[in-house]
Amino acid sequence: MALMSYAQAAVAALEDSMRADNRIVVLGEDIGRGGIFAQYAGLAQTFGCDRIIDTPISEAAIMGAGVGMALAGLRPVIELRVTDFALCAMDEIVNQAAKNRYMFGGQGTVPVVVRMPMGIWDASAAQHSQSLENWFVHLPGLVVVAPSTPQDNYSLLKAALACEDPVIFLEHKTLWATTGEVDPNQQTDIGQAQIVRQGKDLTLVTWSRQRHICLQAAEMLNQLGIDVEVIDLRSLWPWDKQTVLESCRKTGRLLVVHEAVQVGGFGAEIVSTIVEQLPCQARRLGAPRIPVGYASELEALARVSAEQIVSCAQQMLTQQPNRAIAP
Amino acid sequence: LTRDPIAKARALYLNTNGAQQAVLDQIEAQAQSEIDAALAFADACEPPHPDDAFTHIQTVGAGQWH
């Protein structure tokens, strides 16, 4: 066990995997100097510029090169700086990486890990703050992972590097400095949720940074006599339906919380899936459908706070159980 | 088809590179033969089984269509 930051855990996972498998190479902007969040710190010195490849500023070219390298037998890690910039590489992700296996009857595989830091970072404004995980969950052929702790960043990055599918790896920009104990021997399978707090009154399902906000909300609700179970999905596709179903069977109430815009968000998918199978009171809580503002007052309006979660949960607890309520 | 790049390339090769008409005809005939064979193979195949729609999509999460 070692105390690491979320960024250091990513470096350690990549370093361990690169030592074990020389097919792993990394491509991206600024990675030669350690990445803009230090998530590649020291790797260029350790592995050299043949395996840590600094690229020009062209996300489409980086992603296209990575897909080609994967088809030729390498296992590239593609760094796209932020999710927002990944939009410049969508054709390569959606039409090439995600479709290759299917269109060539399993003969072509694209084992790439596409790292795209997500979410609101202080004063990063509308073009550097988005949470677009639902775009990728929507696409057959992609695996989508969103770790929220140093341990999960370590274990899930290693799992992603061993995966035979293209993996969209979403690290939250405000979590880089978060510290925690990391056990390098701890394995986490993609698609395995974690119950991070046991409770009996309400199931809170979340991922990424909102895990930490939900835990704050759970403590606030506990003070009000409401016992909340918190589940961190960790993987969004595949997602751990069984763990969520079992929890909702126990509590009879489900609240899905995500930082992404609520309209068309992945929370709606989870709510639908559960209420189609169980009598369960269910709601989702995401951001309003607004761009993230630069001014702190506007930025705050795009966040989902612990207070909002508490308010939503309290509303649900005043309703009769096993009955859907209007949003 | 006056701007057809294949026709323009053919003319370029004939006019500037000294390519022989017969060689270009042979290349074209070979390509056409490959296309004809691929079409004949496709026509002779059974339509795909519906299960094929759910095969070779991804390894992690395979079987989770909804």
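Within every chain, numbering begins at 1; the chains are lettered A, B, ... in the order of the sequence lines, protein sequences first and strands thereafter. Nothing here was measured: the structure is a model prediction, and the numbers come from that model. These values consider heavy atoms only, across backbone and side chains, with no hydrogens, waters or symmetry-generated copies.
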* **Check: A:V196 and A:I231 side chains under 4.5 Å, non-hydrogen atoms** => no
* Asked: Is there a donor-acceptor pair closer than 3.5 Å between any side-chain N or O of A:T83 and the backbone N or O of A:P117?
  -> yes
* Do side-chain atoms of A:S131 reach the backbone of A:E259 as a donor and acceptor pair under 3.5 angstrom? -> no
* To do: May I ask you to check whether A:E171 and A:N153 show a side-chain donor-acceptor distance below 3.5 Å?
  => yes
* Asked: Can any side-chain N or O of A:E79 pair as donor or acceptor with the backbone N or O of A:G28 at less than 3.5 Å?
  -> no
* When only pairs under 4.5 Å are counted, which of A:A98, A:P238, A:C163, A:G191 shares the most heavy-atom pairs with chain B? -> A:P238
* **B:I6, CD1: over 12 other non-hydrogen atoms inside 6.0 angstrom** => no
* **Smallest separation among heavy atoms of A:M118 and A:S208, with atom names** => SD-OG, 3.8 Å
* Could you look at B:A62 and say if it's the side chain, the backbone, both or neither that has a heavy atom under 4.5 Å from chain A? => neither
Output all donor-acceptor pairs under 3.5 Å across chain A and chain B; consider backbone as well as side chains.
| unit_1 | atom_1 | unit_2 | atom_2 | d |
| --- | --- | --- | --- | --- |
| A:Y102 | N | B:H56 | O | 3.0 |
| A:G105 | O | B:H56 | NE2 | 3.1 |
| A:G141 | N | B:Q58 | OE1 | 2.8 |
| A:L142 | O | B:Q58 | NE2 | 3.1 |
| A:D165 | OD1 | B:T59 | N | 3.0 |
| A:D165 | OD1 | B:T59 | OG1 | 3.4 |
| A:D165 | OD2 | B:T59 | N | 2.9 |
| A:D165 | OD2 | B:T59 | OG1 | 2.7 |
| A:D165 | OD2 | B:V60 | N | 2.8 |
| A:K241 | NZ | B:H66 | O | 2.6 |

